[in-house]
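Throughout, a chain's letter reflects where its sequence line sits, starting with A, and its residues are numbered from 1. Atoms considered below: every heavy atom in the structure, side chains included; atoms not considered: hydrogens, waters and symmetry mates. Predicted, not measured: the structure shown is a model, and the values here were computed from it.
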2 protein chains.
Amino acid sequence: MSGILSNSYPGMGPTGINPINEHMFSNIFSRLQHPQIPQIPKKEEEKKPDNEDDDGPDNAKVNLENMDLWDSFHQFGTEMVITKTGRRMFPSYKTRVTGLNPKAKYCMLMDISAADEPSLSRRYKYHNTRWMVAGKADPELPKRMYVHPDSPATGEQWMNRPCISFHKLKLTNNITDPHGHTILNSMHKYQPRFHIVRCNDLSRIHMTTFRTYIFKETQFIAVTAYQNEKITQLKIDHNPFAKGFRDAGAGKREKR
Amino acid sequence: MSGILSNSYPGMGPTGINPINEHMFSNIFSRLQHPQIPQIPKKEEEKKPDNEDDDGPDNAKVNLENMDLWDSFHQFGTEMVITKTGRRMFPSYKTRVTGLNPKAKYCMLMDISAADEPSLSRRYKYHNTRWMVAGKADPELPKRMYVHPDSPATGEQWMNRPCISFHKLKLTNNITDPHGHTILNSMHKYQPRFHIVRCNDLSRIHMTTFRTYIFKETQFIAVTAYQNEKITQLKIDHNPFAKGFRDAGAGKREKR
DNA sequence: GCCTTTCTCACCTACGTGGGAATA
DNA sequence: GCTATTCCCACGTAGGTGAGAAAG
């Protein structure tokens with residue numbers, strides 16, 4: 001199964017290669033479509049980005065890894081814990097890409113945007129085993145783009161690896177976070193996005209074409225503590241770092 | 001204190017960016033001078049490498065970090081353990097570089113060559129608390145070049161960081177090692193070398209100028225088990241991972 | 001009361017140490 | 001005997017888990 005593809009053409013912007021600096025991507029964010037607003041895909045080569053190696057077009061296809069695992073969370077309403085110091089996502093966001101131009105260079109990016117339509121953005125609460133709308137969304141937070149650490153690399157290199165993993169991305173609710181983690185509002189719904197960018201150099205990323213892929217089953221609500229115990233149990237059952245909480249029957253866990 | 005500088009001009013060679021593949025650097029190794037053979041430094045810009053950004057010359061100076069620690073091992077005869085699966089060096093090999101061209105791009109490399117002159121290459125044994133010559137050296141092993149994982153980066157980036165660390169390089173005695181670790185003969189003497197290469201791209205590394213820096217105090221003998229107990233004690237005293245063997249007096253270590 | 005956030009903790013994963021017994 | 005190597009282990013470092021108490 002492949003993600004929804006959207007093309008967009010971010011304009012010029014300030015350069016820089018520090019992924020912590022949100023200004024680098026500010027113009028890009030403003031031109032990336034919102035996941036709720038459908039857009040007809042355009043052909044990538046309408047306007048050639050200048051100064052990039054052009055060894056011919058490509059026809060990238062993206063698959064989400066761990067689709068079954070994501071689905072099992074999604075059916076109950078995925079929750080992701082956010083903390084002051086930053087918390088990883090589980091399941092991890094991993095993709096596999098085919099159809100790239102083997103010789104061209106690409107950067108692989110990920111970000112997390114509001115899942116609700118901008119005009120209907122809301123906060124949620126968990127009440128009587130159900131998620132309910134609890135009012136209008138809190139103010140937007142600084143957006144951050146996570147650049148896969150192996151960027152840039154050739155299409156051949158991206159396609160040959162078992163997967164493109166974003167497991168090191170961390171979520172936080174600390175609006176002054178100094179580590180470059182992704183800042184989210186608790187009790188809000190989010191949609192991870194995957195971006196393929198053809199460029200030789202991170203500093204030229206603003207001049208190149210973004211292709212954005214969205215997998216609905218990776219939507220989640222950010223929480224500071226799990227609300228749905230079915231989600232908790234899925235995390236314990238599948239995340240190796242939570243193995244200490246398994247054996248649900250007998251010994252389970254010592255009291256402190 | 002700065003290392004000994006030698007310049008060399010590796011010729012054309014097959015391209016590729018997989019650091020595991022020894023063929024990539026085969027022509028480079030053959031042109032890098034042996035540490036025991038003095039050579040008059042040449043001016044770097046004698047012949048300009050083609051296709052590389054040339055924002056002016058640089059005058060790189062390299063310092064070895066942890067010089068005192070290296071010296072304390074060197075006075076007793078440094079030993080490094082090699083294992084089938086690969087073992088890190090301790091002390092770690094770390095440098096600091098100044099005088100690079102801030103805008104130019106560089107790759108930072110490290111390799112480990114025989115410390116003895118080729119015609120006098122030998123194996124050693126440890127007998128009665130002393131290292132002695134024990135015959136002619138074993139056949140040479142495939143040479144591998146360790147590319148610092150942050151390569152390539154600008155001179156500015158290399159100079160701004162606290163140090164350029166090669167702590168992840170691993171030593172092995174497994175001649176069929178599949179991980180790209182550095183393969184050494186046990187009971188032979190070695191000399192680590194640090195290389196600065198000006199190039200925009202690892203795949204063009206064969207066309208560019210190598211500058212090689214050698215610090216005598218990093219010489220060591222490869223062993224499968226420590227021979228000199230003074231070396232063992234220095235490792236235990238300074239390597240955080242060996243903390244479990246400290247407290248030499250009382251409790252020391254439980255028997256199994 | 002309720003809801004949400006923060007903090008510490010035991011318990012994991014993953015892997016870097018030298019010791020020491022077993023092996024060659 | 002002797003020497004060198006291999007293997008497993010207790011014990012570290014480093015850091016990712018949810019639980020549960022406490023605080024807001």
Let me know the distance between CG of D237(B) and P of dG12(D), rounded to the nearest Å.
15 Å
If you check every side-chain atom of P240(B), which of dT13(D), dG15(D), dG18(D) has the closest atom?
dT13(D)
H181(A) atom NE2 is separated from dG16(D) atom C1', nearest whole Å, by 12 Å
Under-4.0 Å side-chain N/O to phosphate OP1/OP2 contact, N239(A) with dT13(C)
no
On the 0 to 90° scale, with breaks at 30° and 60°, tag the W158(B)-H148(B) ring pair as parallel, tilted or perpendicular.
perpendicular
Please work out which of the three classes, parallel, tilted or perpendicular, describes the rings of W131(A) and Y124(A), given edges at 30° and 60°.
perpendicular
From dG19(C), dT13(C), dG16(D), pick the nucleotide closest to the side chain of K170(A)?
dG16(D)
Length of the line joining L234(B):CG and dT17(C):P, which is rounded to integer Å
15 Å
Does D177(B) reach the main-chain N or O of H181(B) with its side chain, forming a donor-acceptor pair under 3.5 Å?
yes
Regarding H127(B), tell me which of base, sugar-phosphate or nothing describes its non-hydrogen contacts under 4.0 Å with the strands shown.
sugar-phosphate
Has the side chain of K235(B) got a donor or acceptor atom that lies under 3.5 Å from a matching backbone atom of P91(B)?
no
Would you mind reading off the distance between F245(A) atom CZ and dC9(C) atom P, rounded to a whole angstrom?
14 Å
Quick check for you: among dT17(D), dT4(C), dA4(D), whose closest atom lies nearest to any side-chain atom of A242(A)?
dT17(D)
Would you say the side chains of Q191(B) and T218(B) form a donor-acceptor pair under 3.5 Å?
yes
Whole angstrom value for the distance that separates C1' of dG18(D) from CG of L171(A)
16 Å
Taking only the side-chain heavy atoms of T224(A) (C-beta and beyond), determine which of dC3(C), dG12(D), dT5(C) contains the nearest atom.
dT5(C)
Give a yes-or-no answer on whether the side chains of N63(B) and Y213(B) include a donor-acceptor pair shorter than 3.5 Å.
no
I231(A) has an atom CD1; how far is it from atom P of dA19(D), in whole Å?
13 Å
Using a strict cut-off of less than 4.0 Å between a Lys/Arg side-chain nitrogen and an Asp/Glu carboxylate oxygen, indicate whether R123(A) and D138(A) qualify as a salt bridge.
yes
Quick check for you: among dT4(C), dA19(D), dA4(D), whose closest atom lies nearest to any side-chain atom of M187(A)?
dT4(C)
Just how far, in rounded Å, is C1' of dG16(D) from NE2 of H179(A)?
15 Å
Rounded to the nearest angstrom, tell me the gap between atom CG in N174(A) and atom P in dT6(C).
9 Å
Please tell me which of the listed nucleotides, dG19(C), dT4(C), dT17(D), lies nearest to the side chain of I236(B)?
dG19(C)
For residues 166-173 of chain A, dump all side-chain donor-acceptor pairs below 3.5 Å to protein atoms at least two apart in sequence or in another chain.
unit_1	atom_1	unit_2	atom_2	d
H167(A)	ND1	S165(A)	OG	2.7
T172(A)	OG1	T83(A)	O	2.7
T172(A)	OG1	K84(A)	O	3.1
T172(A)	OG1	N174(A)	N	3.0
N173(A)	OD1	K84(A)	N	3.4

Which parts of residues 74-90 of chain B get close to DNA chain C, meaning a heavy atom less than 4.0 angstrom away?
R87(B), R88(B)
Between Y126(A) and dC3(C), is there a contact of a side-chain N or O with OP1 or OP2 at under 4.0 Å?
no
Report the nucleotide, chosen from dT4(C), dG18(D), dT13(D), that has the shortest atom-to-atom distance to any side-chain atom of K243(B).
dT13(D)
Could you check F241(A) against T232(A) and say which one's nearest nucleotide on DNA chain D is further toward the 5' end?
F241(A)
